Amino acid sequence: MKIFIDTANIDEIKEAFSWGIVDGVTTNPSLIKKAVNYYKEKGKTFTMEEYIKELLTFVGKGKPVSLEVIGNTEDAMYKEAHILFDKFNNIASNVVIKIPVNPETERGGARLFDGLKVIRRLHEDGIPVNVTLIMNPLQALLAAKAGADYVSPFAGRIDNYLRTNAKIGFEKHDYYPAEGVEWGEKLLSDDGIVSGVDLVASIRDIFDNYEFETKILAASVRNARQVRELAEVGADIATIPFTVLKEMIWHYKTSEGMKKFAADTVEEYRTLFNK
Ligand code: G3P
């Protein structure tokens, strides 16, 4: 499974890349806002264009960086996708355009299928597309048929949705079982999907049945155990927040073991390392 980092914060990106485990980056308007506020608080000033150029240059060739449109009509999204791609892809040939599977239709005359139309048009233009806000397997199927290079099922938000509907309290990073949660006589479900991981597993089955090449990029990841379960069900990629990446490496017994090795190091062995 490839690992992307789900952040627009360059400091986090640089740190995670130094660990040698990151294959790409995903951003969205909320993550850009978070990064902009973070650097504003530190008194750093830059234009968005300079910032994105620095990010793309650092990440480099062969490691995709998703940048999202903000419009909601076919025309607006298509135009913005070209602006982003034309402005930035020449930096390191690593720009992927994020398009919502369907846009918010309550403003500006947008229609439910505008996302699919844009995916198809960008695919025809040779621009790589990551289809975002996938909340059910059928949206993934439609996105793949329209020509998506990646689909991003939002695993954590599905878990939140199931818990919220059942009025179960939770903290954002709480674990939610892949196999679902019993509620009364049955499992909590959203049209048969019992968890975010189950959503990814269902998309995996569908894509494998029909040999779609579209990559499953599991997103909205909440904790390390969920990453493990996403890997178990065959997500091609998980895009992971910096805090969750850090959580993945730690184990109590490893720390304990290292303390013991340190305590047991005899002088005879230590002298090997003296220059
Ligand atoms: O990649 C999508 C992701 O950033 C959404 O995560 O935490 O807002 O559900 P979240």
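Residues take their numbers from the sequence shown, with the count starting at 1. Values in this document were obtained by computation on a predicted structure and should not be read as measured data.
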Could you walk me through whether V181 and Y176 satisfy the side chain to side chain contact (heavy atoms under 4.5 Å, CB included) test, starting with their C-alpha distance in whole Å, then the side-chain angles of each, then the deciding distance to 0.1 Å, before giving a yes or no?
CA-CA 8 Å; V181 166; Y176 190 90; 3.6 Å; yes
Scan residues 142-158 for pairs that pass side-chain hydrogen bond (donor to acceptor under 3.5 Å, both in side chains), counting only residues two or more places apart or in two chains.
N130-S152
For residues T239 and T26, is any side-chain donor paired with an opposing acceptor at under 3.5 Å?
yes
Quiz: residues 84-91 side-chain donor-acceptor pairs under 3.5 angstrom, not counting sequence neighbours:
from	atom 1	to	atom 2	distance (Å)
K87	NZ	E49	OE1	3.3
N89	OD1	N94	N	3.2
N89	OD1	V95	N	3.0

Of all residues at least two apart in sequence or in a different chain, which pass the side-chain hydrogen bond (donor to acceptor under 3.5 Å, both in side chains) check with D236?
R204
Would you say I99 ends up clustered with L112 if hydrophobic residues are merged whenever their side chains have heavy atoms under 4.5 Å apart, either directly or through other cluster members?
yes
Which pairs, with at least one residue in residues 228-264 and sequence neighbours excluded, count as a ring pair (Phe, Tyr, Trp, His ring centres under 6.0 Å)?
W19-F242
At what distance, to the nearest 0.5 angstrom, does CD1 of I32 lie from CG of N37?
11.5 Å
side-chain hydrogen bond (donor to acceptor under 3.5 Å, both in side chains): which pairs involve residues 110-123, sequence neighbours left out?
E74-R121, R120-E124
Residues passing the side-chain contact (heavy atoms from CB on, under 4.5 Å) test with F58, sequence neighbours excluded, are I13, K14, F17
T27: side-chain hydrogen bond (donor to acceptor under 3.5 Å, both in side chains) partners, not counting sequence neighbours
none
With sequence neighbours excluded, what pairs up with K2 under the side-chain hydrogen bond (donor to acceptor under 3.5 Å, both in side chains) test?
none
With R225, which residues qualify under side-chain contact (heavy atoms from CB on, under 4.5 Å), at least two apart?
Y175, N223, R228, E229
Apply side chain to side chain contact (heavy atoms under 4.5 Å, CB included) to V129 and K98, showing your working.
CA-CA 6 Å; V129 178; K98 238 174 167 180; over 6 Å; no
Among all residues two or more places apart in sequence or in another chain, which pass the side-chain hydrogen bond (donor to acceptor under 3.5 Å, both in side chains) test with Y161?
none
How would you list, by chain and number, every residue that makes a side-chain contact (heavy atoms from CB on, under 4.5 Å) with T265, sequence neighbours excluded?
Y269, R270
Are E256 and K259 within salt-bridge range, i.e. N to O under 4.0 Å?
no
Is it true that Y51 and Y39 have ring centroids separated by less than 6.0 Å?
yes
Can you pull out every ring pair (Phe, Tyr, Trp, His ring centres under 6.0 Å) where at least one residue sits in residues 183-208? Sequence neighbours excluded, please.
F207-F212
Chi angles and distances behind the side chain to side chain contact (heavy atoms under 4.5 Å, CB included) call for N72, M77
CA-CA 6 Å; N72 67 332; M77 290 190 288; 5.5 Å; no
